[in-house]
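For the numbers below, each heavy atom of this structure counts, side chains included, while hydrogens, waters and symmetry mates do not.
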Amino acid sequence: MKLVFATLLLIALVCSTFFASTALSDADDAAAAPGPVPNGFCGPRCGERCAKAGEKDRCLKYCGICCQQCQCVPSGTFGNKSQCPCYMNKKNSKGKPKCP
């Protein structure tokens, strides 16, 4: 009986430690998340970024997604991704850059 009680107590302690650390890491992520992008912020910047794109609709779609998540768009029509590390580091499911 004592062995069963000790085992259950140990399992409860491990579970509570795991859930407490998960809750704390979620709170840290929420605190670091940027706020919403103001209306009219992404449209003009993505329009400039995608001005010379061959697939303009696709470029505008993915630029808009990346802008909403990263709250920035690199200047110019190509390159300059170092201006926005979040934009630069986003990858699609195939491991290629997601943002134009």
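- To the nearest 0.5 Å, the span separating NZ on Lys81 from CG on Asn89 amounts to 10.0 Å.
- Of the inter-residue distances, the one linking Ile65 atom CD1 with Tyr87 atom OH reads 10.5 Å to the nearest 0.5 angstrom.
- The number of heavy-atom neighbours closer than 6.0 Å to NZ of Lys61, taken from other residues, nucleotides and ligands shown, is 12 or below.
- Partners of Cys59 by side chain to side chain contact (heavy atoms under 4.5 Å, CB included), not counting sequence neighbours, listed by chain and number: Cys50, Ala53, Pro100.
- Nearest heavy atoms, Gly76 versus Glu48: N-OE2, 3.7 Å.
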Cys67/Cys42 under disulfide (SG to SG under 2.5 Å): CA gap, chis, key distance, verdict: CA-CA 6 Å; Cys67 177; Cys42 294; 2.0 Å; yes

Residues Cys70, Cys84; criterion disulfide (SG to SG under 2.5 Å); working and verdict: CA-CA 8 Å; Cys70 297; Cys84 183; 4.9 Å; no

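- Rounding to the nearest 0.5 Å places SG of Cys66 at 12.5 Å from CE of Met88.
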Trace of the side chain to side chain contact (heavy atoms under 4.5 Å, CB included) decision for Gln83 with Cys72: CA-CA 9 Å; Gln83 296 173 354; Cys72 63; over 6 Å; no

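- Across every non-hydrogen atom of Ala51 and Thr77, the tightest pair is CB-CG2, 4.4 Å.
- Listed for the Asn80 side chain is no donor-acceptor partner under 3.5 Å among the backbone atoms of Pro74.
- Within a 6.0 Å radius of CG in Asn92, more than 12 heavy atoms belonging to other residues, nucleotides or ligands are found.
- In this structure, SG on Cys46 lies 9.0 Å from CZ on Phe41, to the nearest 0.5 angstrom.
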